[in-house]
Amino acid sequence: MAVIRGKQLDLTKVRPYGDSINDGALQLSFTLPIPLTPEAVEAARQMAQKLGLRDPSVVHSQDLGGFSFFIVYGHTDRSVDMTQIQVPKVEGKVFSRPEADQEIRRRFGRLLVVVGACIGTDAHTVGIDAIMNMKGYKGHYGLERYVMIDARNLGAQVPPEALLDYAIKHRADAMLVSQVVTEKGFHRQNLSRMVELVEASGIRDHMILICGGPRIEHKLALELGYDAGFGRGTYAEHVASFIIDKMTERGLT
Amino acid sequence: MAVIRGKQLDLTKVRPYGDSINDGALQLSFTLPIPLTPEAVEAARQMAQKLGLRDPSVVHSQDLGGFSFFIVYGHTDRSVDMTQIQVPKVEGKVFSRPEADQEIRRRFGRLLVVVGACIGTDAHTVGIDAIMNMKGYKGHYGLERYVMIDARNLGAQVPPEALLDYAIKHRADAMLVSQVVTEKGFHRQNLSRMVELVEASGIRDHMILICGGPRIEHKLALELGYDAGFGRGTYAEHVASFIIDKMTERGLT
Amino acid sequence: MHLGLDPGKIRHAREIARAITEPILIKILAHTTDSVERATLRLMGLDGADEDDIPYPNILVRHLRDRLGEGLAPLVAQAAKDRGLSLRELAYGVSEEKIDLRDFQPADRDAAGAECERLLRENIRRVERQVAARDGFVRELGQGEPPWLYVIVATGNIYEDVVQAQMAARQGADIIAVIRSTAQSLLDYVPEGITTTGFGGTYATQANFRVMREALDEVSREVGRYIRLVNYASGLCMPEIAAMGALERLDMMLNDSMYGILFRDINPLRTFIDQHLSRMISAYARIIINTGEDNYLTTADAVEAAHTVLASDLINERFAHEAGLPADLMGLGHAFEVYPEMTDSYLYELAQALLIREVFPDHPIKFMPPTKHMTGDIFRGYALNAMFNFTGVLTGQSIQLLGMLTEAMHTPFLMDRALAINNARLMFNAARHLAENLEIKPHSWLLQRSAEVLDRAITMLERIAEIGLFQAIADGMFADIKRPPEGGKGGDGVVLKSADYANPLLKILTEKVHGRH
Amino acid sequence: MHLGLDPGKIRHAREIARAITEPILIKILAHTTDSVERATLRLMGLDGADEDDIPYPNILVRHLRDRLGEGLAPLVAQAAKDRGLSLRELAYGVSEEKIDLRDFQPADRDAAGAECERLLRENIRRVERQVAARDGFVRELGQGEPPWLYVIVATGNIYEDVVQAQMAARQGADIIAVIRSTAQSLLDYVPEGITTTGFGGTYATQANFRVMREALDEVSREVGRYIRLVNYASGLCMPEIAAMGALERLDMMLNDSMYGILFRDINPLRTFIDQHLSRMISAYARIIINTGEDNYLTTADAVEAAHTVLASDLINERFAHEAGLPADLMGLGHAFEVYPEMTDSYLYELAQALLIREVFPDHPIKFMPPTKHMTGDIFRGYALNAMFNFTGVLTGQSIQLLGMLTEAMHTPFLMDRALAINNARLMFNAARHLAENLEIKPHSWLLQRSAEVLDRAITMLERIAEIGLFQAIADGMFADIKRPPEGGKGGDGVVLKSADYANPLLKILTEKVHGRH
Ligand code: B12
Ligand code: B12
Ligand SMILES: Cc1ncc(COP(=O)(O)O)c(C=O)c1O
Ligand SMILES: Cc1ncc(COP(=O)(O)O)c(C=O)c1O
């Protein structure tokens, strides 16, 4: 960690950094639903103050044809205690594809069945395809390419019920649920519904339940009742490795 | 004012607007002096919460080689009471150049002497030149072009004492003080010092004292003891008009 | 900035496209669909919905489902006339199960046809009035200089949309698109009335169209520039929405001959049939269509699949032509979607933008901004959008969809849209006449690349001509997505026309459109 | 992307520039200045300051002010030798008023000269080691591909600067400039020691140079790329700072033959004399100079004054040449400062960037970003910087000063700089080979504009040659700023050399530099 000579960083009080330690500098932009006037600029300044900025400076304002847009710079005295932060993380080693195949052979001695889909009315397949399809994503092959994984990607707009039926029918070891549209909390509803269905069906204990999407965090996934959640930058190997480890941990065979 | 049918805007509780009234949406960016880790991302989220955002979403993070950068979107429930906002403004009609010349002739019947400079170590002349020099700025001629104004621009890096001496010597009707460098409150010091000098010299009552610069607000100027402050977007005619009106108001002749 | 591609090759490519669409066209003409019949009823003047919010056109089509092959319009027209009812009253009766038309036969089929035609002509005149009104606006107020600034509103609340749309117009937008609610394309009906909720967009309804059109007319007068309105004649209700758009003076419609198949898993034949009528209507209403090739590059790679965009544009062009659309109403799509961090990514973008412009010189082509590779880094996004806008004006694009710096996060906030407009205005103005100053170096990479993409498009088209378009789609030749001919939603709405199928609308439109150009 | 300007005209322009600088050069050679003498003392090894923080070189020069015309260096060298003192001890003695050299005459002038030369050669060898060290780094680690990414740090605290500089290097910067504290140019001495406070920048001191150099060497090894360090050999202490930079291995220096006159109101002759020695030192230390023509466009209009930039570049080039600087050390400056909201503003920028590149093909020209027209709209600023970076790679600029999105507000925050680096990397990479693909159309506006700017520069140079450079400056021909020859700060530090003026440094440098190229 970079510490500036003579100025010690206090990890219990971490503040934004503009150009010197603890200056608390930050940038803000927003619109107010009022036309641009000197009073609106003052309102923007006060808004920034309400957000705990001292000496906020409204550096830009634009009338949007009835509403007004502002860019503000300011400084805050508020701080975060880093020593109290704990973030649940997907832990464990990430196996390469050949390693993963080998581990599956060694630990389970059989093909693992992984089913996946983007559920609800969400039509975004690219994310789940990136994880599951042969081609993969950014040079990382998908689960279909794994010798020891029987990967079945149902695509998008799949009703949760249909995904569950399919998983039961094919005795899935893991279920992958993708959600990309998050507007108005859409994804939470869909993801919760999926968990409820899986739990009601009685197969929850025998199956690894994973969700993913650009706005999915592991923490949220745990809260919703999933075993893990994967966000941006996930590749098939992360998912495969997690399934292998989690199955072992749970004593699934 | 645009009011969305069925949703009345409450002017006592104005909130930022993302895409629907009162959603309180805003954007934030800042650096933390810690390397990028999942914990740092969580710290950024908490920082946003400390600033009064609910459900903040850290949409981007980048390691800067030891520190970390974040972009956050979130929503705030805080609001500003527009009905309580009053902003001191430079009021009055703005005369065109010919009008101003005519008014001076009519009201004072003599040339007005206006001296100006960018004081202290501040070397930025462009702003004061824009107001004073013949050429002006963006097609608005400067004070030198006014028939009834004797404008004397001393340029930049002028010590406050020198400006005062010059003003006394030439019996200035108005003094224009520019400050562009604002780092670490530099301009406040210089501007205050200028006021003190002018007041000590006893000519304060006989002279219109004006400051300006890109980060100068009228409000600040009044606080510091100036008659007016002019920021970005000022042209010579604003300044000339103000001087004419203020002199009349003060009964100066 | 001219690539100087071989005109012979371009001509050849067009010929293959014609060979590809010909067999499809035969199928199109032989069938009707739920939506075609509903669209015809709508153009006869039927709208509204029953107590359960089921639109009357749907009620009649469902009621007469077994007789679709005859063509419902004359039948319904006559039934209403016989009873002295308006179409709406008739449909109400059917919905209340007070009227049963299942065995109804008009006394005189010709008279039924004539009555149907009478009703249609009334609305057709309304469409004509809208066309004239648009022309009048443009004549009187003028319009933006291309590339036209195209922005979307998508709040879910039409009134909130209106506020944002008017502000966008004041900021400089030329075109406002009201994004539809998530998954509306899969609704097999068009919702009714004014709507104030929706996810990720606002329902396309005729009432919403009207509200927005009025608001844009108002702001057009205010800003002294005609502001165009866009919606989606796409999904399971293509021709119906086209009809609604024609009646309410929409100016553009997202409308693609294959998008529904590929991206919405709609039955292929259904889609082909529906797009045909939707385009005939659009041609008559002088509505510019916007095709959806940009979408291919979200599922396939923009470098690898560049030629599929061109191939598809040529197919879309031919389908549009068959429906009577002139080139100046064909907003063929392409996009700026190369992975920006790839070395020389910009060269790929430039080659493609020039290529599409050159192959479609008379078409108001639609240029889509970076979306797939946008991230939460809004600053990077803003810079990419600047390059995109720069390219738009440099290569003379017609319809510039403005990229949003928050593309990776949410549907646009007001400030996102405003910033997008600022960006485009800045770039368009700063580089307004740049193109006149530059040439492409002979034998340069840009030339090679564009020629290669053209060649690959031709090879692809040749292959499609060989195996047929249905098979090509089944093989995943577009967008890396495979759709079998029998699959997809709405296939049950496709019905073979009987020998005595009657639909005066088709006759009128054919007459009108071909009479005109 | 070649304009194909008339080489005859360019040659002619250079000839006039030579005619302009010749008479100045005569004056330069006839005079010395406070700062020249101090720089010589520094290169003899004298540094440090007394209890009042007055640097020893200043103490000696002040003490011997009346004898400046003789050249102080041999005199001081001999005095120290005679007393068996180090230079520092000698200066200490003077400052404590225990030693008085005002009437001191060396017994043997030649011996004094030799002693002086001995001391100088020791430090000259240190400079040589630094040159070798730099070459070694570049050979071993390599360096960035041009355009080089140049960013500034300016916290006022050298340790905070170090942290930010290292982070910038990790992000991809090639060059780090430590901006000086506001108004340091007007200090007639160089502060001593490590500094941790400053306004709008960090004091240039030899100790700060050393701290930063060490930090950059460390990070160079870490990132596997030699990171260059920049400061300002500018203001009242030009040659001294050049000397310090040579000793501490700076790689570039802001250094202009006229900037101090125009923008800091420093005496013209003083500036010309000082710049000459500073450049001789830089030539020997293989330090790239960066000239300051960009500044003209902050006070004058970038469209109207475009030719003044070129004219001044040619004058700067000639002065640099006279001081022994080869073309590959001449970072001549220009800028991207046209009002962006003007229609076709980008065309003016492109014409100018191409012009400067073509007139100075072997020079590591320095391209300054938009500053004057930057506003608080950081998004607009970021888009403008994207266009600037795009232009940098398109026109093959060498040293790209990265624009900051917060230019209108404050010296860069850490995040501003990081975003600037992201921007440049993105653009440079995306358009890396674009230039190879484009040509400028014959008879196009771009060609006409650049030819016109060249013509106007020639006319201006011709006029200057007529009236003389001093008069031209007095007339406000550069930057719209008028500076009379007699005015300005530091004029009292200019002294006519006596017939027996002795300064072995000049001899050594002339020898060395001319021996080399
Ligand atoms: C491509 C795209 C489309 C394509 C989809 C094509 C397809 N077959 O997928 C098309 C054009 C059809 C489309 C349509 C729509 N889209 Co869209 N679309 C996008 C876009 C541009 C890129 C998404 C993408 O492909 N990313 C690349 C993939 C690889 O990334 P990813 O999904 O994040 O996946 C990675 C990780 O998240 C993770 N992951 C994802 N899922 C899973 C699952 C598991 C189990 C695991 C382990 C990991 C994992 O691994 C992947 C690889 O690393 C985004 C904007 C953006 N730049 O993000 C908008 C976006 C997602 N779309 C959006 C919207 C609103 C729509 C529409 C609803 C618009 C409308 N009203 O018409 C429609 C309808 C779609 C619907 N009903 O769902 C919004 C969503 C807003 C929100 N937050 O809710 C976005 C953000 C655009 C915007 N700013 O408005 N879209
Ligand atoms: C041009 C410029 C320079 C030029 C100045 C040339 C000159 N002769 O003026 C040069 C290159 C010399 C320069 C040097 C420096 N500059 Co400078 N410079 C700028 C720049 C790019 C533009 C300023 C400008 O000319 N604006 C155009 C004029 C017309 O606008 P204006 O000043 O706002 O004036 C208008 C109004 O404010 C008003 N107004 C202004 N004054 C007055 C007075 C009165 C009485 C009235 C009525 C109205 C009025 O009317 C004007 C017309 O509308 C700004 C960045 C920016 N884009 O703003 C940085 C900037 C102002 N500079 C800055 C700095 C730090 C410096 C240096 C200190 C850097 C250094 N360490 O070396 C040096 C040293 C200068 C010093 N000692 O003061 C910082 C200031 C940071 C801060 N907030 O304190 C800025 C913001 C850049 C940055 N981001 O770091 N600079
Ligand atoms: C042709 C076409 N139709 C429709 C849409 C919109 O999607 P949806 O199917 O959700 O209406 C698009 C989006 O890009 C499109 O290109
Ligand atoms: C040649 C030169 N010297 C110096 C400076 C810096 O200004 P100052 O005089 O404050 O050191 C600049 C700034 O652009 C410059 O170009």
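Lettering follows sequence order; numbering is per chain, from 1. Quick note: numbers below take in every heavy atom, side chains included, and nothing from hydrogens, waters or symmetry partners.
A 6.0 Å sphere centred on CD of E222(C) holds more than 12 heavy atoms belonging to other residues, nucleotides or ligands. Around the CD atom of E217(B), the shell of radius 6.0 Å holds no more than 12 heavy atoms that belong to other residues, nucleotides or ligands. Counting heavy atoms of neighbouring residues, nucleotides and ligands inside a 6.0 Å radius, atom NZ of K89(B) exceeds 12 of them. The environment of R54(B) atom CZ is dense: over 12 non-hydrogen atoms of other residues, nucleotides or ligands sit within 6.0 angstrom. Atom CZ of F186(B) has more than 12 heavy atoms from other residues, nucleotides or ligands within 6.0 Å.
Looking only at side-chain heavy atoms (C-beta outward), I378(C) and Q27(B) come within less than 4.5 Å of each other. Side chains of D19(B) and L414(C) form no contact here, defined as non-hydrogen atoms less than 4.5 Å apart. Using a 4.5 Å heavy-atom cutoff, the side chains of F413(C) and Y17(B) are not in contact.
A distance of 10.5 Å separates CG of D161(C) from OG of S20(B), quoted to the nearest 0.5 Å. Atom CE in M415(C) sits 7.0 Å away from atom CG in L26(B) (nearest 0.5 Å). One finds the OG1 atom of T406(C) at 11.0 Å from the CD1 atom of I71(B) (value rounded to the nearest 0.5 Å).
For an aromatic pair to be called close, the ring centres must be under 6.0 Å apart, and F379(C) with H60(B) fails this.
Among all heavy-atom pairs drawn from V59(B) and M409(C), the shortest one is CG1-CG, 3.4 Å.
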